[in-house]
Number of protein chains: 2
Amino acid sequence: MGRIKVQNSPTIRRMPSYLHELLRIRLEGRSHISTTELAECMGIELIVVRKDIALTGIAGRRRIGYEVNELITYIKDYLGWSGRITATLLGVGALGSAILGYDEFPVYGVQIESVFDSDPEKIGKVIRGHEVYDIATIGQRLSYSPPDMAIICVPAVHAQEVAEQAVAVGIKYIWNFSNITLKVPSGVIVQREVIAGGLAMLTVKMKNDKAGIYQKIE
Amino acid sequence: MGRIKVQNSPTIRRMPSYLHELLRIRLEGRSHISTTELAECMGIELIVVRKDIALTGIAGRRRIGYEVNELITYIKDYLGWSGRITATLLGVGALGSAILGYDEFPVYGVQIESVFDSDPEKIGKVIRGHEVYDIATIGQRLSYSPPDMAIICVPAVHAQEVAEQAVAVGIKYIWNFSNITLKVPSGVIVQREVIAGGLAMLTVKMKNDKAGIYQKIE
DNA sequence: TAGATTGTTAATCGATTAACAATC
DNA sequence: TAGATTGTTAATCGATTAACAATC
């Protein structure tokens, strides 16, 4: 059974918060920000922010700080959020619907392209602008050009089965909102931890076979 | 500005998963479980599970393992989930509604007692069995006997204001689902991190003024 | 007994924190 | 210049991992 280790996971957990704050700061029209100020407005120790920002590899200007746009780019790169991630939502119950309505996904580069459910009441209906497809048709609809990620919001009893279907069509990332640990083949990354207040995905960085935030990979 | 430090936070993050798994195992009618088996079925390293379980202070039986019911009790105690936590839900939009419908809250001892919103369309309506009250009446309704926790699901622009109202009525824990960092008086614990796949609250253990998972306390 | 498991102690590793150098 | 800030190196702390003792 292989495992993946998440490196710098505390830093990775904080990164989305920096990103969120920076996006807010950019909206205010600010062009530069110092770690001093960022630490102050986020309630995090200065040295922590400094170390985290340093990890992105960005160069700052002494006495001035970092260019906001540039820092946003560096953090996105660090998190692997710079490219667009296409996603399919599997299960559009209460939580799935809330996720579908989360209007900051585009900001983070996540684009939900399709929505599936097994409830005949929902199939064919349009929810938040997305037509709901029958989950039984997932192979037929997605295997030609699978999205990067499946967001699993089905009840726990169906989660494993649905995850396997997702893997079968070639999906490589699973964001698992169900209550169970999913067993998927090696190479598929299952993310089970979520940071609310941002609904941020935790980026997974591979390492060797050591401990950390694990997912069983079989 | 004071700060709180979370001790053993990696362990605390894992505890709800153990709890969830144990509840499942108990439903199967099992009376005992070994860390070997628990580690195997959860995909976590044996030694990690062993250390975590040891932290709860439970005594096991060699060659047999731990009594499932007892272990559940010890983990709940460790997390501070043994007593019942009363809660009020502030904001019943898509996410709030999903939270309201989360049927495992009672398992974890969280009891949502009241629901507030500011939308005239929703006030007075009954959503998932709860009458929605006007958020403007929160002081009048809750200050006599405030719940332990406020679950904040209002839009980011209102989150700070709503948090302050919650604090004003005497609420001591805030579970913040909004996108912003809340500024609250010292002594109120704001939890911003959530583990999905369990929607588990992260228990906060106080320590001295060192680093860790912080919340600004002012 | 042998082996599976708990229980405990020590070693290692990595994250946090402190201290200070560099410089605009 | 003085001071604010970045940048860097070292020290400390705590979590993970390894090793092994105890025992049913």
Side-chain angles (χ1 to χ4, degrees), chain A residues 3-15 18 30-68 70-71 74-75 78 202 205-214, chain B residues 1 3-15 18 30-68 70-71 74-75 78 202 205-215:
Chain A
R3 284 169 189 283
I4 51 175
K5 154 112 188 187
V6 176
Q7 246 188 321
N8 291 320
S9 75
T11 297
I12 291 171
R13 279 200 178 83
R14 289 186 295 259
M15 284 294 183
Y18 299 136
R30 300 279 304 278
S31 67
H32 290 81
I33 184 87
S34 70
T35 49
T36 316
E37 190 182 347
L38 200 53
E40 172 60 27
C41 71
M42 294 184 64
I44 299 178
E45 288 287 353
L46 172 61
I47 185 68
V48 174
V49 179
R50 194 97 64 77
K51 277 282 186 189
D52 287 343
I53 299 304
L55 271 177
T56 67
I58 193 175
R61 289 171 60 193
R62 290 170 216 249
R63 301 230 329 129
I64 289 171
Y66 300 87
E67 217 254 297
V68 175
E70 198 185 359
L71 188 48
Y74 271 78
I75 290 177
Y78 183 85
L202 190 60
K205 300 215 162 188
M206 301 287 202
K207 208 193 160 196
N208 53 13
D209 213 42
K210 297 271 182 89
I213 299 174
Y214 281 135
Chain B
M1 183 179 65
R3 285 169 190 284
I4 52 176
K5 155 111 186 186
V6 176
Q7 246 188 323
N8 291 322
S9 75
T11 297
I12 291 170
R13 279 200 178 84
R14 289 186 294 260
M15 283 294 184
Y18 300 135
R30 300 280 304 278
S31 67
H32 290 80
I33 184 89
S34 69
T35 49
T36 316
E37 191 184 345
L38 200 54
E40 172 60 27
C41 71
M42 295 185 64
I44 298 176
E45 288 286 354
L46 171 61
I47 185 68
V48 174
V49 178
R50 194 98 63 76
K51 277 285 186 189
D52 287 343
I53 299 305
L55 271 176
T56 66
I58 193 175
R61 290 171 61 192
R62 291 170 216 247
R63 303 231 326 130
I64 289 170
Y66 300 87
E67 217 255 297
V68 176
E70 197 184 2
L71 188 48
Y74 271 79
I75 290 177
Y78 183 87
L202 191 60
K205 301 214 159 186
M206 300 286 202
K207 209 195 159 193
N208 53 13
D209 213 44
K210 298 271 183 92
I213 298 174
Y214 280 134
Q215 291 295 338

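Naming: A, B, ... by sequence-line order, numbering from 1 per chain. Keep in mind that the numbers below use all heavy atoms, side chains included, and drop hydrogens, waters and symmetry copies.
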Listed nucleotide nearest any side-chain atom of A:Ile47, set D:dT8, D:dA19, D:dT5: D:dT8
Value in whole Å for how far the C1' atom of C:dG7 lies from OH of B:Tyr66: 8 Å
First of A:Lys51 and A:Gly65 reached from the 5' end of DNA chain D, by closest nucleotide: A:Gly65
First encountered from the 5' end of DNA chain C, between B:Ser34 and A:Ile64: B:Ser34
Separation of atom CZ in B:Arg62 from atom C1' in C:dT6, rounded to whole Å: 5 Å
Student check: side-chain heavy atoms of A:Arg61 and A:His32 closer than 4.5 Å: yes
Spacing between B:Arg50 atom CZ and C:dT5 atom C1', to the nearest angstrom: 7 Å
Phosphate contact (D:dA15 OP1 or OP2) by B:Thr11 side-chain N/O below 4.0 Å: no
OP1 or OP2 of C:dT16 under 4.0 Å from side-chain N/O of A:Arg14: yes
Atom-pair distance (CG on B:Leu46; C1' on D:dC20), nearest Å: 14 Å
Partner of B:Tyr66 by side chain to side chain contact (heavy atoms under 4.5 Å, CB included), out of B:Leu71, B:Leu38, B:Thr56: B:Leu71
Sugar-phosphate, base or nothing in reach of A:Arg61, heavy atoms under 4.0 Å: sugar-phosphate
Nucleotide opposite D:dC13 in a Watson-Crick or G-U pair, distances under 3.5 Å: C:dG14
Whole angstrom value for the distance that separates P of C:dT5 from CD1 of B:Ile53: 15 Å
Closest contact, heavy atoms only, A:Ala59 versus A:Glu70: O-OE1, 4.4 Å
Note, B:Val48 side chain near B:Arg14 side chain (heavy atom, < 4.5 Å): yes
Paired nucleotide for D:dT6 [Watson-Crick or G-U wobble; both distances under 3.5 Å]: C:dA21
From OG (A:Ser34) to CZ (A:Arg50), nearest 0.5 Å: 9.5 Å
Between D:dT12 (P) and A:Glu45 (CD): distance, integer Å: 18 Å
Integer-rounded Å distance: C:dT5 P and B:Glu67 CD: 17 Å
Sugar-phosphate only, base, or nothing, as touched by B:Ala59 at under 4.0 Å among non-hydrogen atoms: sugar-phosphate
Atom pair distance, as rounded to whole Å: CD1 in B:Ile58 and P in C:dT8: 14 Å
